[in-house]
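Note sheet for the following structure.
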Number of protein chains: 4
Amino acid sequence: MHNDPIIQAKQTRSQQTQDKLLQALSDCLKEQFFEHISVAQITERAGVSVGTFYRRFKNKEALLPFLYQNFGIKLDKWVQKMERNTKDSLNEQVAYLVEKMTKFLQENAGIFRTLHLNARLYPEILPTSKLNERSAEYNRISAILMLHPDEINHQCAKTACDMAIFVLISNLIEKILYRELTPALASPISINDNTEQITLMMQSYLTANNLGKK
Amino acid sequence: MHNDPIIQAKQTRSQQTQDKLLQALSDCLKEQFFEHISVAQITERAGVSVGTFYRRFKNKEALLPFLYQNFGIKLDKWVQKMERNTKDSLNEQVAYLVEKMTKFLQENAGIFRTLHLNARLYPEILPTSKLNERSAEYNRISAILMLHPDEINHQCAKTACDMAIFVLISNLIEKILYRELTPALASPISINDNTEQITLMMQSYLTANNLGKK
Amino acid sequence: MHNDPIIQAKQTRSQQTQDKLLQALSDCLKEQFFEHISVAQITERAGVSVGTFYRRFKNKEALLPFLYQNFGIKLDKWVQKMERNTKDSLNEQVAYLVEKMTKFLQENAGIFRTLHLNARLYPEILPTSKLNERSAEYNRISAILMLHPDEINHQCAKTACDMAIFVLISNLIEKILYRELTPALASPISINDNTEQITLMMQSYLTANNLGKK
Amino acid sequence: MHNDPIIQAKQTRSQQTQDKLLQALSDCLKEQFFEHISVAQITERAGVSVGTFYRRFKNKEALLPFLYQNFGIKLDKWVQKMERNTKDSLNEQVAYLVEKMTKFLQENAGIFRTLHLNARLYPEILPTSKLNERSAEYNRISAILMLHPDEINHQCAKTACDMAIFVLISNLIEKILYRELTPALASPISINDNTEQITLMMQSYLTANNLGKK
DNA sequence: GATGAATGAGTCTTCATTCAT
DNA sequence: TATGAATGAAGACTCATTCAT
């Protein structure tokens, strides 16, 4: 006769449906692109009726913010993990970051691809605030490199770290998320080589070695 | 009453229709994404009937290879120009390449974006052979850097050049084509800084300076 | 622990719910047509759940008879008022009736329009018995004119009075309820002129002047 | 090998479809109200596909103007007929008009009901210009009565004729189009009596007999 | 009883593709 | 051969009604 289980159950029912729908969308996204997924498909996969879908969400697009939000949590956790596992030297830190980020992208390729492409197809439906939050996380990753300021040989260490992170991410997006397409495909570098070389490139860039320029 | 002129005329007419349709598609692509363009729209813009469209092309997707082909010609010309304008030192060569490629992408952002996204949305409709041709062009760009072998301080100069080019392209795709989106947006590097820094990074990477690593 | 108060309370509560729903429907009808009002809208406005609605009423249409009934009470009161305020001469009586009826329609245009249109859109859901009751009220209005039998110059005074009332009502429906639509709109008669002229017409018709007929 | 038949055929095909759809709507309207008719119903009845419907008309509502237009032509013809068949005396003229108009409404009750109700349900979709045209036709009918100015005993003959016509139309709308509903139902006047009495009323009103008032 | 979540039939609408002319 | 009318499958969305809690 306790209230809690009942309330819990009530909350859960509603929430369960929403979760089922989000999960169904995630599943569908592994096979096809958002645009090609119909509401009927999602609801069928979720085991609910279309009406139920429209009771929760205004339309298919309304699901995306939740996807972004869920992803944000995942991303935050990952960054936290990186922040807890710092390395003693810059070079080690860079190597570790490249390795872990590669793995992170590989393991979440489906969701990453979706969000990456959606952002490009529907820039308007992304709430600006969310984007800013990503910016915060990029900063935090950059800050991890900044833990080794004396090893960074650069006019502006901050800029260098930001740039290194940005280059790394751009590189991994193409190499990991779209490895079977141009430009990744056109480039004869294997994934393993890519990991090694991008590490090397970041290290070269960040450390003293830029004396050569002028 | 000679056959030739008539056939000629027919071929020409046929060709004209095809060109008109391709042009119409290109025009439409400036305003909306391929997916959202209907056959009716294309034919209306081209001034031909839908029936005529289906006489020439199996479906809308069948237009894309032609678009890729046209782009291939453009790309080839650009690479040729790069091949003709080589620099004396590796560092100069890198700086020149970064500058020109940035400009090339900026000037053709529309078509680049379309092809880049289409490739990601419809990987299946890209004929493999076309991709290989791209691969050839990537190779040629890489080869330009290889003109300075003694300046490249690397186990495998070829790998290093390929990698440098691939990183450059990935970087420019995000920074130039999607500058208002994550990750470009989340990164605080300006476009000018990006040009400068990516040059620096490639130079650091390619030249001797990797002594620091170990 | 007496039953009465509880039952009373229950009945009251039940009745309250019903009243709330009827009131909600009335409110909605001021803004949109019955057809376009959803059960969800009504219940939301009434502050009850849809389930509760369906416990009370078979469906949305089942609300209408209650609306008609409420209106019947209003109408009855108005007729009673007319019956209490009779005039000495037929002409005066007609003028008074026209004036008051015009005002009555103007003041209740919303509900009149609704019932008038609903009756036309859903003739089947009007319980016949209710209609007969209207018939009774029409008769009572007609009877008011019949209070001046000697002034009515007609083969059948009853027929003449019934006819006069019917013509008056038809005229006011179009002129008052739908004054911005055809036929009212197409007719260049102003509302004031209409009041005056319909009075005149009824008087002409009812009084001696039908000598012309044969 | 004449062009005409072919062109004719082409024009006809397109036109035929449109006519079929309009006819189908008309047929459906005999059984149910516009609002309750689905596009699928109309196209099925017309023997064409839904796609064909949407090629001609933006949506269901887009059919209405055509219905109005067709009706306008019919109405115009009827008015012309009335204009050609004038009577020698006002009384005869009134009687003739009442008789013919009653018949006209009876024969076109379906379409009249539809237009009358639609105007009330969707006042916004009626192009104002069309309404004005009706106004012209009302004027023409009124003008027929005005052919007997010396028989009309009224301050303003024009006003009297307009009023008479408006009252007649209002009366017939309720009595003919909605004879089984309030107020027509509530009034004990038969249709035959109504014809006779409305004639009488108009005659009384228009002719000298208004001396009695004061 | 009351609640409101879930259902699913029904409607509108689009658009790729076919086919009569 | 070119045209554009016709087709119909497919998808989005609504809402009256039911039913588990």
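Letters go in sequence order (proteins before strands), and every chain restarts at 1. Values below: all heavy atoms of this structure, side chains included; hydrogens, waters and symmetry mates excluded. All figures in this text were calculated on a predicted structure; none of them were measured in a lab.
Phosphate proximity of F:dT3 to B:T52: present, with a side-chain N or O under 4.0 Å from OP1 or OP2. Side-chain nitrogen and oxygen atoms of A:S14 include none within less than 4.0 Å of the OP1 or OP2 phosphate oxygen of E:dA5.
Going from atom NE2 of B:H36 over to atom C1' of E:dT14 covers 13 Å, rounded to whole Å. Rounded to whole Å, atom P of F:dC19 lies 18 Å from atom CZ of C:F53. Rounded to whole Å, the distance from CD1 on A:I42 to P on F:dC13 is 11 Å. Atom pair D:Y54:OH and F:dA9:P shows a separation of 17 Å (rounding to whole Å applied). Here F:dG4 presents its P atom at 17 Å from CD of D:Q15, a figure rounded to the nearest Å. Between the CZ atom of C:F57 and the P atom of F:dT17 there is a distance of 14 Å, rounded to whole Å. Distance CZ (A:R55) to C1' (F:dA16): 13 Å, rounded to an integer number of Å. The interatomic distance linking B:Q41 (CD) with E:dT17 (P) rounds to 15 Å, in whole Å.
Nearer the 5' end of DNA chain E, as judged by each residue's closest nucleotide, is the contact made by C:G51, out of D:I37 and C:G51. Each of B:S38 and C:V50 was assigned the nucleotide of DNA chain E with the nearest heavy atom; the assignment lying further toward the 5' end belongs to C:V50. Nearest-nucleotide positions on DNA chain F for A:N59 and D:S49 put D:S49 closer to the 5' end.
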For the pair A:E180 and B:R120, evaluate salt bridge (charged side-chain N to carboxylate O under 4.0 Å, His left out) and give the outcome as yes or no after the intermediate values.
CA-CA 10 Å; A:E180 72 293 353; B:R120 275 137 194 83; over 6 Å; no

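Between D:F33 and D:H36, the ring-plane angle classifies as perpendicular under the 30° and 60° cut-offs. Under the 30°/60° scheme for interplanar angles, the aromatic rings of A:H116 and B:Y178 are found to stand perpendicular.
Side-chain contact check for D:L64 versus D:F34: some heavy-atom pair is nearer than 4.5 Å.
Nucleotide F:dA20 is matched to E:dT3 when pairs are restricted to Watson-Crick or G-U wobble geometry with both distances under 3.5 angstrom.
Under a 3.5 Å cut-off, the side chain of C:T52 and the backbone N or O of C:V48 do not form any donor-acceptor pair.
Listed nucleotides F:dA5, F:dT7, E:dA6 differ in distance to D:V48; the shortest reach to its side chain belongs to F:dT7.
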